[in-house]
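Here is the structure we will look at, set down as structure tokens.
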Amino acid sequence: MDTSFVIDLDAERREVRYPDGIPVKLGGEQFIFPAELPAESLDPILSDELGLVAFLCEVIDSADGDAGVKDVVNSLFRRPTLPRKFLAAIREMYGILLGEEQKAEFLEKRPSIGDYVRLTTGLSKVYGVELGKLFRLGVSSGSDSQTSNPTSPATTASTPDVSGFVPDNPDSLESDD
């Protein structure tokens, strides 16, 4: 009897495209991130101690699902330790992804905030994980009413993609240093 599957977890995965891992260049050195994102690597940024999930829920609730920069900034002022804790969680997440030896070498390069932003954005695209979409951040609330008008153009052609990120070019995640 031939069984068909709704979800085939054995289907081709990123390991086929990146069999040796995802190469990232920083400060003239190459760091190899795993081809697939281990679920445990998200633990630091989803931890109750960090409170990022509660923060995002607060932002979304305060803006009735249509959160903007002002809402994020106002909520950050209510949690002044969150940015520092978030950066520590990102470093811990990269430690899980890179392993202890590569993590130490990576931190020796003293990545800038911009490096972390570009790397996190680039990896989230490669891994197919976007926390903003997961929590509905930046998504305008929809309405079925006849009086609803879009708040912005349907396309953002003038908005460039992530600076320096080209999915098929591993060197594109390199630092500007």
Side-chain angles (χ1 to χ4, degrees), residues 7 9 13-14 18 21-22 24 26-27 31-143 151-152 156 159-165 167 172-177:
I7 299 172
L9 295 178
R13 299 168 65 154
R14 248 175 241 85
Y18 304 105
I22 300 166
V24 173
L26 175 67
F31 298 91
I32 303 296
F33 285 79
E36 287 290 330
L37 182 68
E40 70 177 299
S41 66
L42 296 176
D43 289 348
I45 61 172
L46 298 177
S47 74
D48 291 339
E49 182 181 306
L50 175 61
L52 183 62
V53 174
F55 170 76
L56 294 173
C57 289
E58 177 186 313
V59 170
I60 291 167
D61 288 345
S62 72
D64 293 326
D66 194 14
V69 173
K70 179 182 174 186
D71 302 301
V72 173
V73 171
N74 287 339
S75 293
L76 269 176
F77 279 118
R78 290 190 286 275
R79 288 186 170 87
T81 62
L82 183 61
R84 187 179 67 247
K85 288 180 179 179
F86 181 71
L87 185 55
I90 291 292
R91 286 182 179 133
E92 184 179 346
M93 181 179 78
Y94 286 145
I96 293 168
L97 292 171
L98 291 170
E100 288 304 314
E101 184 179 323
Q102 277 199 106
K103 175 189 175 188
E105 293 171 7
F106 180 80
L107 292 176
E108 283 176 14
K109 294 296 178 186
R110 300 189 62 175
S112 68
I113 296 295
D115 291 334
Y116 280 113
V117 169
R118 285 188 301 277
L119 179 58
T120 302
T121 303
L123 286 175
S124 70
K125 286 185 177 188
V126 172
Y127 287 134
V129 175
E130 295 184 46
L131 292 178
K133 285 184 180 178
L134 179 66
F135 292 104
R136 293 182 21 207
L137 293 179
V139 175
S140 181
S141 58
S143 172
T151 57
S152 62
T156 55
T159 305
D161 287 339
V162 177
S163 175
F165 181 75
S172 65
L173 293 177
E174 68 186 66
S175 168
D176 292 333
D177 295 334

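In this chain, residues are counted from 1 in sequence order. This structure is a prediction, so every number in the text was calculated from the model and none was measured.
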- When you look at Leu37 and Leu42, which way does the side-chain contact (heavy atoms from CB on, under 4.5 Å) test go after all the steps? CA-CA 9 Å; Leu37 182 68; Leu42 296 176; 4.3 Å; yes
- Task: Mind checking side chain to side chain donor-acceptor pair (under 3.5 Å) for Ser47 and listing every partner two or more places apart, or none if nothing turns up?
- Result: none
- Identify, with sequence neighbours excluded, every residue that meets salt bridge (charged side-chain N to carboxylate O under 4.0 Å, His left out) alongside Arg79. Glu58
- Looking at residues at least two apart in the chain, or sitting in another chain, which of them share a ring-ring contact (aromatic ring centres under 6.0 Å, His included) with Phe55? none
- Drop me the distance from Met93's CE to Leu46's CG, to the nearest 0.5 angstrom. 10.0 Å
- For Phe86, check ring-ring contact (aromatic ring centres under 6.0 Å, His included) against everything at least two apart and list the hits. none
- Item | Residue pair Ile32 / Gly21: nearest heavy atoms and the distance that separates them | CG2-CA, 3.7 Å
- Task: Taking all heavy atoms of Lys103 and all of Gly95, pick out the closest pair and write down the distance.
- Result: CD-CA, 3.4 Å
- Which one of Val24, Leu26, Thr120 satisfies the side-chain contact (heavy atoms from CB on, under 4.5 Å) criterion with Asp115? Leu26
- Once you round to the nearest 0.5 Å, how far does CG of Leu50 lie from NZ of Lys85? 7.5 Å
- Message: As a test of understanding, state which of Phe106, Tyr127, Phe31 forms a side-chain contact (heavy atoms from CB on, under 4.5 Å) with Leu97.
- Response: Tyr127
- Message: Restricting to non-hydrogen atoms, name the atom on Pro34 and the atom on Ile22 that form the minimum distance, rounded to 0.1 Å.
- Response: O-CD1, 3.5 Å
- Backbone N or O of Ile96 within a donor-acceptor pair of the Glu40 side chain at under 3.5 Å? no
- Sidechain-backbone polar pair: Thr121 side chain, Arg118 backbone, donor-acceptor under 3.5 Å: no
- Partners of Ser41 by side chain to side chain donor-acceptor pair (under 3.5 Å), sequence neighbours excluded? none
- Note on the structure: Rounded to the nearest 0.5 Å, the CG atom of Leu82 sits from the CG atom of Leu87 at a distance of 11.0 Å
- Query: Do Tyr94 and Leu119 pass the side-chain contact (heavy atoms from CB on, under 4.5 Å) test, and can you show the C-alpha distance, the side-chain angles, and the key distance before you say yes or no?
  - Reply: CA-CA 10 Å; Tyr94 286 145; Leu119 179 58; 3.5 Å; yes
- Query: Of all residues at least two apart in sequence or in a different chain, which pass the side chain to side chain contact (heavy atoms under 4.5 Å, CB included) check with Glu101?
  - Reply: Glu105
- Item | CA sep, side-chain torsions, deciding dist, call: Thr81, Arg84, side chain to side chain donor-acceptor pair (under 3.5 Å) | CA-CA 6 Å; Thr81 62; Arg84 187 179 67 247; 5.1 Å; no
